[in-house]
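Values below: all heavy atoms of this structure, side chains included; hydrogens, waters and symmetry mates excluded.
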Amino acid sequence: MAKPPNGIGRSMPRSNEGMRLIFSAVVGVMLGYLFGISFPTVNITKLHFPSSIISYIEDRNSGITTQTLLNHAWASANNRKKNNSDSNSDEIPKIYVPTNPKGAERLPPGIVVSETDLYPRRLWGDPSEDLTSEPRYLVTFTVGIGQKANIDAAVKKFSDKFTIMLFHYDGRTTEWDEFEWSKRAIHVSVMKQTKWWYAKRFLHPDVVARYDYIFIWDEDLGVEHFNAEKYIELVRKHGLEISQPGLQPDRGLTWQMTKRRGDREVHKVTEERPGWCTDPHLPPCAAFVEIMATVFSRNAWRCVWHMIQNDLVHGWGLDFALRKCVEPAHEKIGVVDAQWIVHQAVPSLGNQGKSDNGKAPWEGVRARCRKEWGIFQTRLADAEKAYYLEQGITPPNSTAV
């Protein structure tokens, strides 16, 4: 018998296959329609996924299938809908709490955490078991590698009740790993910056709120005669909110107020040069400490931080204005004589400046310091004058620092 032509022999299987595809598509559309009308409307943004599903998203090897994911979502949506219909048929009001911190008004107060801390945390385990201790005090040093040995000696004067924080202005941090304490310290490194630049950016009052006292110190301080915990005891005993250790009289001394006195624990007033103090309760004869080794209470620092200008980095003039953050200033600002230090006057940060017109780097830094002092004086005087005028009060003769 003769075979039919090839084209005719293959046409019937192709026709059957096409019919099966069409039939499958029609059945699929019908099933999809029936499934869609029977599936309740669900707002996907309101679906709450169990922790097992979150784990699935994070770990694709968990073995959970897409069908399992949909099943959990379906059950969660049904339960939520049932609970809502049982308790209240009206829409749940949106959260808005105006007494929350700015920007957090839409959060329930119970979830708001407005303060933080500098305590390191583990990457594993129960969070409640992370901290074996919570230091009550913070000491910061702004450092370069050239003062490594001096800082090592200084840090050893502070017990484990202190968090140690180093601000590295030369960018060299790994060299400090030779010290055991350095492995527990907080290291922040930004090239060629001062301690007030760091303080403004990394010591916000809500960040250091766990600490009773904050030490903001230079790197060139000799601490042979200093004990940090005894210092804290004296500060508390004499009610000092802003303080510094007394300075060894024979070197690195600028003001009589900061000069150590050997016959007392603390002093709050002094005799300065004739004509320098029109009011015995004002700087530099009272209510005054320098900014090289300043110690702030938590409350005082909250005020001082806000007074630090964002663009003025050397802090000149700030020491004359600290009195505005405590009241009465001549009682709450003082020098602790019984715990004293030596100012070594090492111009290390000054050498981080830039030579200009044949001048040494430190000369440009010093010129900037003086300029900032004048700018700060003007800003503070103008701000106080504007406040008094707004209140309808005649400004005092002088509010300058």
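Within a 6.0 Å sphere centred on OH of Y119, other residues, nucleotides and ligands contribute more than 12 heavy atoms. Counting non-hydrogen atoms of neighbouring residues, nucleotides and ligands closer than 6.0 angstrom, the NZ atom of K259 reaches no more than 12 such neighbours. The number of heavy-atom neighbours closer than 6.0 Å to CD of E224, taken from other residues, nucleotides and ligands shown, is 12 or below. For CD1 of I393, the number of neighbouring non-hydrogen atoms (other residues, nucleotides, ligands) closer than 6.0 Å is greater than 12.
Among residue pairs with one or both ends in residues 161-236, none qualify as disulfide bond (SG atoms under 2.5 Å apart); sequence neighbours excluded.
Without hydrogens or angle criteria, W217 side chain to M292 main chain gives no donor-acceptor distance under 3.5 Å. For E331 (side chain) and A329 (main-chain N/O), no donor-acceptor pair under 3.5 Å exists by modelled atom type. Looking at T258, its side chain never comes within 3.5 Å of a backbone N or O of L247 through a donor-acceptor pair. Formation of a donor-acceptor pair under 3.5 Å by the K192 side chain with backbone atoms of D170 is not found in this model. The main-chain N or O of K230 is never found under 3.5 Å from a side-chain atom of Q339 such that the two would form a donor-acceptor pair. Between the side chain of R201 and the backbone N or O of N310, at least one donor-acceptor pair lies under 3.5 Å. Using modelled atom types, no side-chain atom of R302 and backbone atom of H306 make a donor-acceptor pair closer than 3.5 Å. At least one donor-acceptor pair under 3.5 Å links the side chain of E219 to the backbone N or O of G144. The closest donor-acceptor contact from the side chain of H187 to the backbone of S182 lies under 3.5 Å. Within the 3.5 Å criterion, the main-chain N or O of Q248 finds no donor-acceptor partner in the side chain of R260.
Taken to the nearest 0.5 Å, the OH atom of Y211 stands 12.5 Å off from the CZ atom of R136. Taken to the nearest 0.5 Å, the CG atom of L118 stands 7.5 Å off from the CG atom of L203.
The distance between the ring centers of W276 and F320 does not fall below 6.0 angstrom.
Using a 4.5 Å heavy-atom threshold, the side chains of R236 and Y213 count as touching. Counting heavy atoms from C-beta outward, V336 and H238 have side chains that stay 4.5 Å or more apart. Residues Y388 and P396 have side chains in contact (heavy-atom distance under 4.5 Å, counting atoms from C-beta outward). Between E105 and V97, the closest side-chain pair of non-hydrogen atoms is not below 4.5 Å. In this structure, F215 and F162 have side chains that are in contact, with non-hydrogen atoms separated by less than 4.5 Å. Considering only heavy atoms from C-beta on, W196 comes within 4.5 Å of I216 through its side chain. A heavy-atom distance below 4.5 Å is found between the side chains of P120 and I186. Side chains of I164 and R184 form no contact here, defined as non-hydrogen atoms less than 4.5 Å apart.
Judged by distance alone, the side chains of D126 and S128 do bring a donor and an acceptor atom under 3.5 Å apart. Y137 and S159 are not linked by any side-chain donor-acceptor pair at a separation below 3.5 angstrom, with hydrogens and angles left out of the test.
The pair E175-K148 does not count as a salt bridge, with every side-chain nitrogen at least 4.0 angstrom from each carboxylate oxygen. For the pair R121 and D130, the salt-bridge criterion is met [side-chain N within less than 4.0 Å of a carboxylate O].
The aromatic rings of F288 and W255 stand perpendicular to each other, their planes meeting at an angle above 60°, with 30° marking the opposite boundary. Ring geometry for W176 against H168 counts as perpendicular: the plane angle is over 60°, on a 0 to 90° scale with 30° as the lower cut.
When all heavy atoms are compared, the tightest approach of G246 to V335 is CA-CG1, 3.4 Å.
Of the residues K195, H343, Q344, the one that meets the side chain to side chain donor-acceptor pair (under 3.5 Å) test with D218 is K195.
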CA sep, side-chain torsions, deciding dist, call: Q256, T270, side-chain hydrogen bond (donor to acceptor under 3.5 Å, both in side chains): CA-CA 7 Å; Q256 290 298 310; T270 192; 5.4 Å; no
side-chain hydrogen bond (donor to acceptor under 3.5 Å, both in side chains) between Y198 and T140, intermediate numbers included: CA-CA 10 Å; Y198 284 110; T140 73; over 6 Å; no
